[in-house]
2 protein chains.
Amino acid sequence: MATAKILIHGEWVESDSNETFQAVNPATGEIFDRQYPLSNWTDLDAALKAAQAADEIVRDWPGERFAQFLQAYADLIEANADEIAAMAHQETALPLTPRLRDGELPRTTGQLRQAAQAALSGEWALPVIDEENNIRSMHRSIGPVIVFGPNNFPLAFNGISGGDFAAAIAAGNPAIAKGHPSHPETTRLLAEAALQAAQETNFPPGFVQLVYRMSGEDGIKTIKDPRIAAVGYTGALGAGLKVKAAADEAGKPAYLELSSINPVFVLPGYFSEKSDDLLDEFTGSCLMGSGQFCTNPGLVILPPGDNVSGWIGKLQEKFSASSCGALLSESVRDNFLASVKFLTEQGAELLTGGKAQQGEGFAVQSTLLTCSAEQFLKAPETFQREAFGNGSLLVTTSDTDQMIQIARALEGQLTGTIYLSENDDDAAVYSKLEPVLRRKVGRLLNNKMPTGVAVSPAMNHGGPYPATGHPGFTSVGIPASMRRFSMLQSYDNIPQQRLPAALKS
Amino acid sequence: MATAKILIHGEWVESDSNETFQAVNPATGEIFDRQYPLSNWTDLDAALKAAQAADEIVRDWPGERFAQFLQAYADLIEANADEIAAMAHQETALPLTPRLRDGELPRTTGQLRQAAQAALSGEWALPVIDEENNIRSMHRSIGPVIVFGPNNFPLAFNGISGGDFAAAIAAGNPAIAKGHPSHPETTRLLAEAALQAAQETNFPPGFVQLVYRMSGEDGIKTIKDPRIAAVGYTGALGAGLKVKAAADEAGKPAYLELSSINPVFVLPGYFSEKSDDLLDEFTGSCLMGSGQFCTNPGLVILPPGDNVSGWIGKLQEKFSASSCGALLSESVRDNFLASVKFLTEQGAELLTGGKAQQGEGFAVQSTLLTCSAEQFLKAPETFQREAFGNGSLLVTTSDTDQMIQIARALEGQLTGTIYLSENDDDAAVYSKLEPVLRRKVGRLLNNKMPTGVAVSPAMNHGGPYPATGHPGFTSVGIPASMRRFSMLQSYDNIPQQRLPAALKS
């Protein structure tokens, strides 16, 4: 079978490299026939050259041009929605419906269209006109962006179609997408639509490009290359820290979504009122999509009280009785099991699960672990080890002060949730816990599981390190996400005719 | 003479360290009697502890509280303006009038008052309310900030009174100022006023603190300490890169103003019309304040043409006949002379100056160097070596394409200036040069020297690396500068009564 081509300079071309890889069906463990290239530096250099050339052409184009591309692209994805969603299902084992076809795909096209609207309106750029001093400023495009997409959202976070891609393009930048090797064919189908949209809307050839995979070394070299202006990355912590180090060394912005265990604090008043509701709510959130959400509730801090152990028993039954779909890949499964092993070795008790589900591809048993607040507080970094998948760690406490101490010991997180009673029972604890937790998390929730990430201008899908690389930015939520891929440009004493349209008097 | 005390936890206390330093009068080379401590980790740990405690108290305070402090502080600086300006003159040798008393001091109080207004209005925080999804977000304080002030603006960029300090405070954060050791007594006087203002407006003791100096090792340790949330730094490139590396490793934001040679391109049409005007304009800008501005025009790219050598001759005469005040310190002088030596060793021709001015403290002769475009383009990094002080490098060209090639070879800069004719003579060159230069600089100017940095909301005193650490932020210009010292906080499903005031419906 012929090796798939890569998208460079407006054409599908053969990779210069002979190395290839194949994706795997996570539901069965079978290897797909299709071959994809592991690109070498010759491929990447060609992409960088084409991106730079495209950048020189488009960088003064008005927002409406980028809006036209984004709209055309959204239309083409929709026109091909069934095929794309089916392929994503095949490559990720995520449910075809409602998840992929009715959830993630419309979310993806919705994001592209929101980005188009924002590019058109131009408000994202925060233009400021100081007539008195004749100084003006706004955010403008920064240059070619490389986007590394993750494994867990093959459409809405894909390097060629997701939030980072949409934000980079809407801010006026060419994008080089690095697809995730676990769903290359889905990525290829999306890139076909992206190329067609770019051609229909008369963009230069290097405006959107795709490679499937590269060596770590070539990845670092690409990030450091002066033809790359900024980096978007969603994925594992280890690789992400290498991306960050390379970008930091080169002095360029990298926006990283790395890891988060999304602590959920259940206060005593809420627990005594509604602990049964919480059983269903938590189980649904934790096991949805086999738990493969960046905002999966991986740490639950339970209140003190005699009823807690009974509640844990009920939850344990629910988890034991549940069955999740396959995890995204063999390595996701292995990492999950390794984290469970690590946590139990450190003293956490395995309540249920913790093993592979035999005969069902890469699925694992729904897993619950528990430890005491004392254990957690003795080694907080240890017990914050992420187990990405359908599992969670329950921490029991003997007083509410311990809950606050745990909040103090948390690393930066995407989300933090507090369940509390709406009568005054939990008010005192909340007033102590909230300020501590607030600073540790990008998004604070009350009485709601963190899994859903609405594409809202008020969303913050970000947070302090190590959840991301910078606490001031969000990767979801237009227009704020666009400003990541911009530079601030001031114009001092520039006559009207030479100003960008948004800065003219 | 007793060693000066440091300001920790709301009191002037003795340093735990026995090591001291003294400042030097740059105009005479004489050492001042006053002794200041080189703080050790015990001092810094106490400051960090107090800053954290203050942060826990003030972090939910409304903007008007911070505005009260900033206004009271500005009033107290004004009440003591003569003494502060006189001391700054003594310690920096910068002219008392108009520079310090009538320029920099009112600029400093003006910045503090602008920051107060911005804290009061709250618009800087970009609040977003999504009623439909009940998600809201805004920028809010990030936590204790350490501010490293530079040598060249003892008031307007001082760690305890300058733009970074004002921005950090206005965004709601406690600040630890690290004064510059070349003007410690000026810094102490300002800190006296800051402390009084903090007391008058009922801030907790660790809200504003001051140390004068620390070892490099303890500086790194402080930056990495989890009690520090963000860093402001203005100063030399070498130390700044260490600050950046420490902050990057700890995953926290550092806003750095590092180095810039502020290229000025003179296009042929302008040159043939107004080259004589440019002589005065350039000389004034380059030699003002003995050239010790971050935006000093350190690189001039001259057009091709027969008249250029005559113009250079006239400029040479002007520089030879000029006499500048002392540089800020012995090390500034030595670094300037070392850069001149380096550039001549690399092949630049010394036209005038290049030596210390005998008998006048740390003054140096006004200096002009020149090289050809060919020389520059062969080793562009070499010829971008900053010579901080009263000097500049003139690059001659044989065609306008070389001017564009030089722009392509530039590193990131705070400013870039193009002088052009307002008839059509320069239009074609400008249209090629501007897009290249635009991406390299934070602020683009036409027909105006870059030295002045207006405190305007439209100012960008920032730029791509290595001018700063991130091209999306400015250190001058309120309210944008405040967002540097904030985190983005989203509220998801939080009832009205538990929302910050700015996010209530």
Side-chain angles (χ1 to χ4, degrees), chain A residues 56 59-60 126 128-130 133 135-137 139-140 142-143 244-245 248 250-253 412 415 422 430 434-435 438-439 442-448 450 454 456-460 462-466 469-474 477 480 483-484 486-495 498, chain B residues 56 59-60 126 128-130 132-133 135-137 139-140 142-143 244-245 248 250-253 412 415 422 430 434-435 438-439 442-448 450 454 456-460 462 464-466 469-474 477 480 483-484 486-495 498:
Chain A
E56 298 207 354
R59 61 182 159 195
D60 282 326
L126 303 177
V128 180
I129 297 178
D130 174 352
N133 291 298
I135 302 179
R136 295 138 202 267
S137 72
H139 286 265
R140 298 187 74 207
I142 190 168
K244 174 169 157 50
D248 286 345
K252 62 185 75 170
T415 73
E422 286 307 339
Y430 189 88
E434 192 269 352
R438 180 64 277 190
R439 277 280 184 74
R443 179 164 52 113
L444 180 79
L445 300 99
N446 276 183
N447 296 6
K448 182 185 175 189
S456 157
M459 176 50 64
N460 180 15
Y465 183 85
H470 194 301
F473 295 100
T474 176
R483 279 192 289 274
R484 298 177 299 159
S486 75
M487 64 178 284
L488 182 58
Q489 296 190 348
S490 186
Y491 291 81
D492 190 342
N493 201 41
I494 309 286
R498 292 196 289 275
Chain B
E56 298 206 356
R59 62 183 159 194
D60 282 326
L126 303 177
V128 180
I129 298 177
D130 173 352
E132 192 184 330
N133 290 299
I135 302 179
R136 296 138 202 266
S137 73
H139 286 265
R140 297 188 73 207
I142 189 169
K244 175 169 157 51
D248 286 344
K252 64 184 74 168
T415 72
E422 284 307 339
Y430 189 89
E434 191 271 350
R438 181 62 278 190
R439 277 279 184 72
R443 178 165 53 113
L444 180 78
L445 300 100
N446 276 183
N447 297 4
K448 183 185 174 188
S456 157
M459 177 51 62
N460 180 13
Y465 183 84
H470 194 301
F473 295 100
T474 177
R483 279 191 291 273
R484 296 177 301 158
S486 75
M487 64 178 284
L488 182 59
Q489 296 191 348
S490 186
Y491 291 82
D492 190 342
N493 201 42
I494 309 286
R498 291 196 290 276

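Residue numbers start from 1 in every chain, and the chains themselves are labelled A, B, ... in the order their sequence lines are given, proteins ahead of strands.
With a 4.5 angstrom heavy-atom cutoff, B/Glu132 does not touch chain A via any of its atoms. If you measure heavy-atom distances from B/Ala250 to chain A, the contacts under 4.5 Å come from the backbone alone. Residue contact with chain A, scored on non-hydrogen atoms closer than 4.5 Å, involves the backbone and the side chain of B/Pro457 alike. Both the backbone and the side chain of B/Arg439 have a heavy atom closer than 4.5 Å to some heavy atom of chain A. Residue A/Ile142 touches chain B through both its backbone and its side chain, counting heavy-atom pairs closer than 4.5 Å. For B/Pro464, the part lying near chain A is the side chain, with the backbone staying farther off; criterion is any non-hydrogen pair under 4.5 Å. If you measure heavy-atom distances from B/Phe473 to chain A, the contacts under 4.5 Å come from both the backbone and the side chain.
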Pair A/His470-B/Leu488, side-chain contact (heavy atoms from CB on, under 4.5 Å): steps then yes or no: CA-CA 10 Å; A/His470 194 301; B/Leu488 182 59; over 6 Å; no

side-chain contact (heavy atoms from CB on, under 4.5 Å) for A/Arg59 and B/Arg438? Distances and angles first, verdict last. CA-CA 10 Å; A/Arg59 61 182 159 195; B/Arg438 181 62 278 190; over 6 Å; no

A/Leu445 vs B/Asn493, side-chain contact (heavy atoms from CB on, under 4.5 Å): CA-CA, chis, key distance, verdict: CA-CA 6 Å; A/Leu445 300 99; B/Asn493 201 42; 5.6 Å; no

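Side-chain N or O atoms of A/Ser490 include one that pairs as donor or acceptor with a backbone N or O of B/Ala458 at under 3.5 Å.
Per-residue heavy-atom pair counts under 4.5 Å with chain B were compared for A/Pro495, A/Gly477, A/Pro466, and the maximum is reached by A/Pro495. Most heavy-atom pairs under 4.5 Å with chain B: of the set A/Gly463, A/Gly462, A/Ala480, A/Pro471, this distinction falls to A/Pro471. Highest contact tally toward chain B, considering only A/Glu56, A/Arg484, A/Lys252, is held by A/Glu56 [criterion: heavy-atom pairs under 4.5 Å]. Listed options A/Lys244, A/Arg140, A/His139 were ranked by heavy-atom pairs under 4.5 angstrom with chain B; first place goes to A/Lys244. Options A/Asn447, A/Asp248, A/Val128 differ in how many heavy-atom pairs under 4.5 Å they form with chain B, and the most are formed by A/Asp248.
Contact check for A/Asp492 versus B/Leu444: no side-chain heavy atoms found under the 4.5 Å cut-off.
In this view, A/Asp130 satisfies the salt bridge (charged side-chain N to carboxylate O under 4.0 Å, His left out) rule with no residue, not counting sequence neighbours.
Distance check: B/Ile135 CD1 to A/Ser456 OG gives 5.0 Å after rounding to the nearest 0.5 Å.
For the pair A/Arg443 and B/Tyr491, the cation-pi criterion (under 6.0 Å, within 45° of the ring axis) is not fulfilled.
Here the closest non-hydrogen pair linking B/Gln489 and A/Asn460 is N-ND2, 4.2 Å.
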